[in-house]
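The block underneath contains the structure these notes are about, expressed in structure tokens.
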Amino acid sequence: MKKRIIMCVIASAMICGSLASCGKSVGTGSSSSNAQPATTAAPTEEATAAASEESTEAQADTTAPASQAATSAVSGELIAEAARVLNNLNSIDYICGGSSVEVDESTVLNVDNKYPYTKVTDSRFSSVEDVKKYVTDAVCGSLLESRYKCIYEGEPAMFTDSEGSLWFLQGARGCGFSFNSDPVISDVTDDSFTITANFDDYGSDSTMVVKAVKENGLWKASSFSINGEAENRR
């Protein structure tokens, strides 16, 4: 009997030990299993947030230069147009002053015995209509009407068609603008802007303000003032 009692006690102890061992393992495992997501969840959220921020920053970095490039392109285009307007104005003023046109000085046409025209050999022009287009592609408005229309019409016009040829009334009048600064652009709209530039005014430095407008798809000078004086006068 004692032997049976002892064996039962031993068996009971072994069973309890086994159960205790299993319970600890499940508990540890369960605790470990529940803790693992808790410890990894925070880094996952942080990583997601960081990735989102990086994605936003990357997108900003990608779009910002494009926007800056577009702005730069517009500004550069206007500067180029301003330079072209000034160069055209300079060329037109030289023509109005009786120079910068290639001619055959040995062939002269006297009109009313007082206007000695010389035969044009300049490849840009073969008729008064060519001259008119050249002028009206560069200037318009009050500048054309008050200062440069006499190039192709009036009495006397700077050019005339006669005997199947084009003739030019040369002269030695002061003309042209020797610009010596980069154009500064202001008052920009869709169809106008203002150009300010310095030029050598017969040895002194003067400032010209030119109003440019878009007409028939072309940027043209429509008026100018020098040192704040009367419009279209020099």
*Can you measure from OG (S162) to CG (N110) and round to the nearest 0.5 angstrom?*
11.0 Å
*Going hydrophobic residue to hydrophobic residue with side-chain gaps under 4.5 angstrom, can you get from F199 over to V184?*
no
*Name all pairs fulfilling the salt bridge (Lys or Arg N to Asp or Glu O under 4.0 Å) condition that reach into residues 208-225, sequence neighbours left out, sorted by first residue then second.*
E215-K220
*asked:* To the nearest 0.5 Å, what is the distance between CG on N198 and OG1 on T207?
replied: 4.0 Å
*Backbone of L109 reached by a side-chain donor or acceptor of W167 within 3.5 Å*: no
*asked:* Checking K119 now: which residues fulfil side-chain hydrogen bond (donor to acceptor under 3.5 Å, both in side chains) with it, not counting sequence neighbours?
replied: none
*Mind running side chain to side chain contact (heavy atoms under 4.5 Å, CB included) on V139 and N88 for me, showing each step along the way?*
CA-CA 8 Å; V139 296; N88 287 346; over 6 Å; no
*Between the main-chain N or O of S223 and the side-chain N or O of S142, is there a donor-acceptor pair closer than 3.5 Å?*
no
*With the side chain counted from C-beta on, respond yes when S225 and N232 share a heavy-atom pair under 4.5 Å apart, and no when they do not.*
no
*Can you pull the salt bridge (Lys or Arg N to Asp or Glu O under 4.0 Å) pairs that have at least one residue in residues 165-191, sequence neighbours excluded?*
none
_Does any part of the side chain of I95, heavy atoms only, come nearer than 4.5 Å to the side chain of F168, both counted from C-beta?_
yes
*Which one of V108, V103, D104 satisfies the side chain to side chain contact (heavy atoms under 4.5 Å, CB included) criterion with S106?*
D104
_Assess the residue pair V120 and V131 against the criterion (side chain to side chain contact (heavy atoms under 4.5 Å, CB included)); give the C-alpha distance rounded to whole Å, side-chain angles, the decisive distance to 0.1 Å, and a yes or no._
CA-CA 11 Å; V120 174; V131 174; over 6 Å; no
*Pairs touching residues 122-142 that satisfy ring-ring contact (aromatic ring centres under 6.0 Å, His included), sequence neighbours left out*: F125-Y134, F125-F159
*Within-4.5 Å side-chain heavy-atom neighbours: V209 and T194*: yes
*Distance in Å, R234 CZ paired with C175 SG, rounded so as to fall on 0.5 Å steps*: 8.0 Å
*Sorted by first residue and then second, give each ring-ring contact (aromatic ring centres under 6.0 Å, His included) pair with at least one member in residues 84-103; sequence neighbours left out.*
none
*Quick one: pull up CG in N216 and SG in C140 and give me the separation to the nearest 0.5 Å.*
9.0 Å
_Heavy-atom closest contact (D200 atom, N180 atom, distance)_ = N-ND2, 3.6 Å
*Can you find a pair of side-chain heavy atoms, one from P156 and one from V111, that are under 4.5 Å apart?*
no
*Connected via hydrophobic side-chain network under 4.5 Å: V213 and L144*: no
*Does E129 have any salt bridge (charged side-chain N to carboxylate O under 4.0 Å, His left out) partners at least two apart in sequence or in another chain, and if so, which?*
none
*Scan residues 206-232 for pairs that pass ring-ring contact (aromatic ring centres under 6.0 Å, His included), counting only residues two or more places apart or in two chains.*
F177-F224, F193-W219
*Verify the cluster assignment for I92 and V128: are they in a single hydrophobic cluster under the rule of side-chain heavy atoms below 4.5 Å apart?*
yes
_E231: which residues meet the salt bridge (charged side-chain N to carboxylate O under 4.0 Å, His left out) condition with it, sequence neighbours left out?_
none
*Name all residues meeting the salt bridge (charged side-chain N to carboxylate O under 4.0 Å, His left out) criterion together with E102; count only those two or more places apart in sequence or in a different chain, and write none if there are none.*
none
*Quick one: list whatever passes side-chain hydrogen bond (donor to acceptor under 3.5 Å, both in side chains) with S192, sequence neighbours left out.*
T189
*Mind listing the closest non-hydrogen atom pair of P116 and L169 along with its distance?*
O-CD1, 3.7 Å
*Is it the case that one hydrophobic cluster holds both L218 and I195, taking links as side-chain heavy atoms less than 4.5 Å apart, direct or via other members?*
no
*Indicate yes or no: does D112 engage K114 in a salt bridge with an N to O separation below 4.0 Å.*
no
*asked:* Show, in sequence, the C-alpha distance, side-chain angles and deciding distance for R124 and S91, and conclude whether the side chain to side chain contact (heavy atoms under 4.5 Å, CB included) test is met.
replied: CA-CA 12 Å; R124 294 175 296 175; S91 177; 4.0 Å; yes
*Mind checking the CG-CZ spacing from L86 to F179? Nearest 0.5 Å is all I need.*
4.5 Å
_Show every salt bridge (Lys or Arg N to Asp or Glu O under 4.0 Å) that has at least one partner inside residues 147-171, sequence neighbours left out._
D93-R147, E145-K149, K149-E153
*Return the set of residues passing salt bridge (charged side-chain N to carboxylate O under 4.0 Å, His left out) with K133 (not counting sequence neighbours), or none when no residue passes.*
D137
*Quick one: closest heavy-atom pair of P183 and A197, and the distance?*
CA-CB, 4.4 Å
_Any side-chain heavy-atom pair of L166 and D130 under 4.5 Å_ = no
